[in-house]
Amino acid sequence: MSAKIGVITFPGTLDDVDAQRAARRAGAEAVPLWHADADLRGVDAVIVPGGFSYGDYLRCGAIAKFAPVMGEVVRAAGQGMPVLGICNGFQILCEAGLLPGALTRNSALHFVCRDQWLKVENNTSAWTSRYDAGAELLVPLKSGEGAYMADAAVLDELEGEGRVLFRYAGDDPNGSLRGIAGITDARGRVAGLMPHPEHAIDPLTGPTDDGLGMFLSVLDVLVAA
């Protein structure tokens, strides 16, 4: 039996189908999860995908974190379940307290939509073990509130503990502090990033298949468990 990766749909989510496709491409069974259900349906990992939860009103993710399913995600993450937040999902994980910091408006106050190079800073997390440290990946980026912010103490802690997963290569598209594009929790099980690996799993439809490594990485963890 294959590992099960749950993908949550909130009102406004638009990348849930893509995330399910990426999980299946990696070899997992993709399980749709509904925001109003306090039930993870026996999944082994969870993806909180990109989109515009609740219309992106208030702070992104500020309402989504109260969804019944998020209570179960927080509980499962506390027990070590791998969780990945992409774009709006990254914002939700920060609002839910699973990751430190917050995402704010891009420094130029414009929505950014382009293919973006990322540098792999940490290849020891549950979501990045398939990459070489220092490798550069090309994946799509599309966000208006993608500037990662945290106070200096949190940034120093992330850097000191090797919890910066990805940094923007070249110019910083959204004004993130220290060029941070993605981080992980202290155990390397909960991860969040602004760019979209689920849109880069096949060169036919994305700029590359560089994003597939994230889904293959977590499948390695789940199969070995």
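Please read these numbers as outputs of a predicted model, since none were measured by experiment.
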Before accepting this row, confirm whether a basic side-chain N of the pair Arg167/Glu159 lies closer than 4.0 Å to the acidic partner's carboxylate O.
yes
Evaluate whether atom CZ of Phe111 has more than 12 neighbouring non-hydrogen atoms of other residues, nucleotides or ligands under 6.0 angstrom away.
yes
Residue pair Tyr168 / Asn174, side-chain donor-acceptor N/O under 3.5 Å
yes
Verify the distance criterion only: is there a donor paired with an acceptor across the side chains of Ser129 and Asn123 at less than 3.5 Å?
no
With the threshold set at 4.0 Å, does a side-chain nitrogen-carboxylate oxygen contact exist between Arg59 and Glu95?
yes
Relative to the ring of Phe10, is the ring of His35 parallel (under 30°), tilted (30 to 60°) or perpendicular (over 60°)?
tilted
Do you know the tightest heavy-atom contact between Pro207 and Asp115?
CB-OD2, 3.5 Å
Below 30° counts as parallel, above 60° as perpendicular, anything between as tilted: where do the rings of Phe215 and Trp127 land?
perpendicular
Please lay out, stage by stage, how Arg114 and Asp171 fare under the test salt bridge (Lys or Arg N to Asp or Glu O under 4.0 Å).
CA-CA 13 Å; Arg114 71 187 199 191; Asp171 63 322; 3.3 Å; yes
Do NZ/NE/NH1/NH2 and the carboxylate oxygens of Asp18 and Arg25 come within less than 4.0 Å?
no
Sequence neighbours left out, what passes salt bridge (Lys or Arg N to Asp or Glu O under 4.0 Å) with Asp220? Give chain and number order.
Arg130
Just wondering, do Val7 and Leu33 contact through their side chains at under 4.5 Å, heavy atoms?
no
Do the side chains of Arg163 and Glu157 get close enough for a salt bridge, i.e. N-O under 4.0 angstrom?
yes
Scanning both residues in full, the closest heavy-atom pair of Ala19 with Ile47 reads CB-CG2, 4.1 Å
Of the options His196, His199, Gln116, which is the one that meets Lys142 in a side chain to side chain donor-acceptor pair (under 3.5 Å)?
His199
Check whether any side-chain heavy atom of Leu84 lies under 4.5 Å from a side-chain heavy atom of Met214, and answer yes or no.
yes
Give me the one residue out of Gln91, Glu198, Met194 that meets side-chain contact (heavy atoms from CB on, under 4.5 Å) with Ile86.
Glu198
